[in-house]
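When reading the values below, keep in mind they use all heavy atoms of this one structure, side chains included, and skip hydrogens, waters and symmetry mates. Numbers restart at 1 for each chain; the letters A, B, ... are given by sequence-line order, proteins then strands.
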2 protein chains.
Amino acid sequence: MTETDPTQIKGFDRARQAASRALTEDYVEMISDLAAEFGEARITDLAARLGVAHPTATKAVARLKREGLAISRPYRGVFLTEKGEALAETVRARHRVVVALLCAVGVPKEVAELDAEGIEHHVSSRTLAAFEAYLTRKTD
Amino acid sequence: MTETDPTQIKGFDRARQAASRALTEDYVEMISDLAAEFGEARITDLAARLGVAHPTATKAVARLKREGLAISRPYRGVFLTEKGEALAETVRARHRVVVALLCAVGVPKEVAELDAEGIEHHVSSRTLAAFEAYLTRKTD
DNA sequence: CGCGAAATGTAGCCTCGGCTATAAATTTGG
DNA sequence: CCAAATTTATAGCCGAGGCTACATTTCGCG
Ligand SMILES: [Mn+2]
Ligand SMILES: [Mn+2]
Ligand SMILES: [Mn+2]
Ligand SMILES: [Mn+2]
């Protein structure tokens with residue numbers, strides 16, 4: 001083979017890293033949502049909303065705790081740490097921008113909401129900034 | 001908990017399915033690229049371009065063969081089946097549209113290329129259609 | 001030709017993120 | 001206040017997708 005384009009490798013690598021962060025991001029955002037609604041996030045509710053079996057949610061929460069994003073005691077609710085809350089806020093904001101951008105270029109709202117759930121995790125900060133600038137331009 | 005929004009669950013489910021298809025899509029596209037350049041795709045080249053160790057590429061190719069997307073004989077190159085070629089074409093086209101859309105809303109080209117590698121796998125046919133329509137409108 | 005280098009295959013390890021089945025704790029209501 | 005229902009925990013299975021180490025085959029070249 002000739003040379004290997006480093007940009008291309010970087011793209012695949014970034015996509016792999018984003019995929020591995022996606023679960024964390026969705027759980028943290030959901031825990032934050034549930035906390036706002038009910039004051040705490042229960043494992044059962046997390047599992048129901050994410051569409052997984054509850055042991056799957058339990059495992060995910062264990063990982064969040066390992067990473068210092070959440071805390072919990074046995075048979076009690078799950079709560080975000082400050083670090084977790086900060087991540088949730090970032091993720092929530094990005095989710096909204098992605099949906100808005102999709103809608104702005106003509107994607108039906110319902111479809112935008114579905115696709116955004118996956119797309120959001122691959123939107124870098126620079127792309128996010130471009131989306132925001134575009135939305136601002138378009139609105140004003 | 002109160003009710004559980006089925007649309008939201010569907011979004012997470014779609015994102016999970018897309019993530020599991022992503023690897024297949026990238027490999028098939030890359031095999032097609034290498035075939036165009038060199039007449040065949042070698043495991044070493046696949047691994048180098050995707051940024052993984054060669055046993056990882058070998059495993060992935062084994063899966064493609066299982067799924068009827070590629071064929072190969074020991075110590076020889078990998079080739080796509082008709083089904084594989086068709087998928088490669090679809091994936092390549094979508095990749096281009098995603099990059100073009102990102103550029104059109106103001107994302108720098110280099111960044112667009114990086115982010116598209118992950119985003120593309122989460123763009124549904126309806127969103128793709130909207131992107132194409134937007135690009136057509138903007139160009140004309 | 002034949003030998004060393006390069007490519008490919010294979011074995012086996014790891015983590016992650018699904019799942020089911022079963023056990024234990026907690027909550028609820030009669 | 002106790003029994004049943006609900007919730008949570010735990011054990012253990014699976015496949016995917018990474019990796020390293022090592023074996024084997026093919027290739028290139030003197
Ligand atoms: Mn998401
Ligand atoms: Mn989201
Ligand atoms: Mn890709
Ligand atoms: Mn691609």
Closer than 3.5 angstrom, by distance alone: can the side chain of Arg14(B) be matched with the main-chain N or O of Gly118(A) as a donor-acceptor pair?
no
Got a sec: does the CZ of Arg137(B) have more than 12 other heavy atoms crowding it under 6.0 Å?
yes
Salt bridge or not between Lys10(B) and Asp13(B)? Use side-chain N to carboxylate O under 4.0 Å.
no
Atom-to-atom span, NE2 of His54(A) to C1' of dA11(D) - whole angstrom
12 Å
Ile43(B) CD1 - dT10(C) P separation (whole Å)
11 Å
Under a 3.5 Å distance rule, please check whether Thr139(B) uses its side chain to pair with a backbone N or O of Leu135(B) as donor and acceptor.
yes
Look at Asp33(A) together with Arg92(A) and state whether they make a salt bridge at an N to O cut-off of under 4.0 Å.
yes
Under 4.0 angstrom between Thr58(B) side-chain N/O and dT10(C) OP1 or OP2:
no
Grab the CD-P distance between Glu25(B) and dA16(D) for me, whole Å please.
16 Å
Quick test: give all pairs of protein nitrogen or oxygen and nucleotides 15-18 of chain C nitrogen or oxygen below 3.5 Å, distance rounded to 0.1 Å.
unit_1  : atom_1 : unit_2   : atom_2 : d
dG17(C) : OP2    : Arg63(A) : NE     : 2.7
dG17(C) : OP2    : Arg63(A) : NH2    : 2.5
dG18(C) : O6     : Lys59(A) : NZ     : 2.5

Around atom CZ of Arg63(B), are there more than 12 heavy atoms of other residues, nucleotides or ligands at under 6.0 Å?
yes
Below 3.5 Å is the cut-off: list the nitrogen or oxygen pairs between protein and nucleotides 25-27 of chain D, distance only.
unit_1  : atom_1 : unit_2   : atom_2 : d
dT25(D) : O4'    : Tyr75(B) : OH     : 3.2
dT26(D) : O3'    : Arg76(B) : NH1    : 3.4
dC27(D) : OP1    : Arg76(B) : NH1    : 3.4

In whole angstrom, what separates Leu50(B)'s CG from dG17(D)'s C1'?
12 Å
Between Gln17(A) and His121(A), does any side-chain donor sit less than 3.5 Å from a side-chain acceptor?
no
Does a sphere of radius 6.0 Å around CD in Glu67(B) hold more than 12 heavy atoms from other residues, nucleotides or ligands, not counting ones at 6.0 Å or beyond?
yes
